[in-house]
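Just so you know, residue 1 is the first one in the sequence shown, and it goes up from there.
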Amino acid sequence: MHNIFELYGICICMAIFTFLILSHFHILPSRRTTVHHTLPGVRAVLDPPAVSKSALLRSRASPNTRLVKAFHLTNTFVRDDLDTHSEFLHRTKDLLDAARSSWLRFAEIATDAVTLSLPDSSTDFRTFVHAVTLRAIIGGLLDPTADMTLLDSNDIRVVAELITDVWLLSKKPDPIPAHLLQALQERLRRLVPDHDLYPNPLDFVIPTWETFWRVVAVILAHVENDAEASRAFLDFFENPSSEQFRATTFNDAAPSVRHYVIEAMRLHPPVRHISRHIFESSRLTAFVPGFLAGYLSPRVHIAVADIESAQRSVHWAPDPDVYDPARFVREPDRARDRDMLAFGYGPLRCIAAEWAPMAAAAVVAAVLNRVDGVGYRFVRGPRIGGREGWDGWVVCKVD
């Protein structure tokens, strides 16, 4: 009888040990994913009721661990502590306030960025937009003292390409070659040399540039062959002010520059899906002694906010899949502002949500001022892309 109890004890201990190991290494099927496609569902994911700021930060940081491995980021998007979050917001607010203090200056920087990025003959559209926007972000936001002419064109090109390439590789299971990040860091340090302000420049370059260039690209793709839209942007180029950004024409019947921008962001949100990890206690805690429960990994529920589907839903009828800036003229802006989720929603909504649309408009206007069909022209590709998908799009010098 003693041997039987001893055997039972050994079996129970082995079972507990096995459960602990399986749970710790996520071998047990402890994760489930729910995708939310509607506006209310997306808002519920991004702003859940009765959840602390710490829990929200953890929920955001956990899905982004791949970016720590890929880019060695240390900012609030990959860390869940309140101090990192507060410091990042404070630094970013200071940068945005300085940039907003003179839209004329930002427009001038955007103009310089375009001039320095125009090709001698022709260049890939994505490469051109990469260069223009990275120059504009560095000189117009991150380092107002930067001499734009000293930003090496090859460094600009390689940094932009490497950020995009490493980002795409981070979504795959294979290890990312170490030399890519090393090359990226070396070249970016030459573009952003201030070690004190930017110990890791990628902590600020990726949040400010990586989505910004795609916003500029899709706006250009929609408006470059639209005479009325181009005229609105060129008027804004002549008077880069918040009033001109929101000004409508033809007795308030034609869209404003803001309408062209936010409709592009509705149809092509720069972040199509936002994931949140919701942590719950493991079910195994009910079957193990209390002193062992702390070793069990929590169950993770993955909630995905499908921004693209929500912003193309029937809520945006008629024709939610059609680029139609006039929809914001037909309905008051306030009625639609809450439904625009391109910058997220709730307490962790992007701090640049008010600055970025006007900054993107300034860059688009500067491009249209030079790529006007006379000195340079666009060659359109078969479709509008995101990080990829710009095949066939070219910026050409007119002979």
Side-chain angles (χ1 to χ4, degrees), residues 67 70-73 109-143 146-170 176-194 198 200-221 224 270 359-360 362-364 366-368 370-371 375-381 384-397:
L67 299 180
F71 294 105
H72 295 179
L73 296 185
I109 289 171
T111 300
D112 290 342
V114 172
T115 300
L116 293 167
S117 303
L118 285 168
D120 293 332
S121 55
S122 66
T123 189
D124 175 76
F125 174 81
R126 188 179 78 159
T127 300
F128 172 71
V129 176
H130 275 176
V132 171
T133 52
L134 186 52
R135 284 188 167 99
I137 287 294
I138 292 174
L141 185 65
L142 300 182
D143 185 5
D147 184 339
M148 299 285 284
T149 63
L150 297 182
L151 299 179
D152 183 77
S153 295
N154 196 45
D155 285 342
I156 290 283
R157 177 184 60 80
V158 173
V159 163
E161 289 178 354
L162 284 175
I163 289 176
T164 302
D165 291 346
V166 172
W167 188 286
L168 294 172
L169 288 172
S170 73
I176 299 173
H179 73 275
L180 295 181
L181 181 58
Q182 181 179 352
L184 171 56
Q185 290 172 327
E186 290 175 355
R187 289 179 179 272
L188 183 56
R189 179 52 74 191
R190 293 201 287 263
L191 299 174
V192 185
D194 194 326
Y198 301 105
N200 179 11
L202 286 170
D203 277 336
F204 284 87
V205 171
I206 287 181
T208 56
W209 173 80
E210 206 281 327
T211 54
F212 185 78
W213 82 261
R214 287 179 282 121
V215 171
V216 169
V218 297
I219 298 169
L220 279 169
E224 62 86 17
V363 174
V364 170
V367 171
L368 293 176
R370 292 298 306 274
V371 188
Y376 291 88
R377 65 184 179 89
F378 292 105
V379 175
R380 296 181 65 86
I384 294 176
R387 289 187 182 89
E388 300 178 288
W390 294 99
D391 297 339
W393 285 83
V394 179
V395 177
C396 295
K397 188 173 184 179

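- Val395 places none of its side-chain heavy atoms less than 4.5 Å from the side chain of Ser122.
- Under the 30°/60° scheme for interplanar angles, the aromatic rings of Phe204 and Tyr198 are found to stand perpendicular.
- Ring geometry for Phe125 versus Phe378: interplanar angle over 60°, hence perpendicular rather than tilted (30 to 60°).
- Residues Arg387 and Thr211 bring no donor and acceptor atom of their side chains to less than 3.5 Å of each other.
- The pair Glu224-Arg380 meets the salt-bridge criterion, since a charged nitrogen lies less than 4.0 angstrom from a carboxylate oxygen.
- Taking the six-membered ring where the residue is Trp, His130 and Trp213 present perpendicular rings, their angle passing 60° and hence far from 30°.
- Side-chain contact between Leu142 and Trp209 is absent, with no heavy-atom pair separated by less than 4.5 Å.
- A 4.5 Å side-chain heavy-atom check between Leu162 and Leu188 finds every atom pair outside the cut-off.
- Taking both residues in full, the closest heavy atoms of Lys397 and Pro119 are given as CD-O, 4.3 Å, listed atom of the first, atom of the second, then distance.
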Passes side-chain contact (heavy atoms from CB on, under 4.5 Å), Trp393 versus Val379? Steps please. CA-CA 5 Å; Trp393 285 83; Val379 175; over 6 Å; no

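- Checked for salt-bridge contact, Arg157 and Glu161 meet the test: a charged N lies under 4.0 Å from a carboxylate O.
- A distance of 11.5 Å separates CG of Leu202 from CD of Glu210, quoted to the nearest 0.5 Å.
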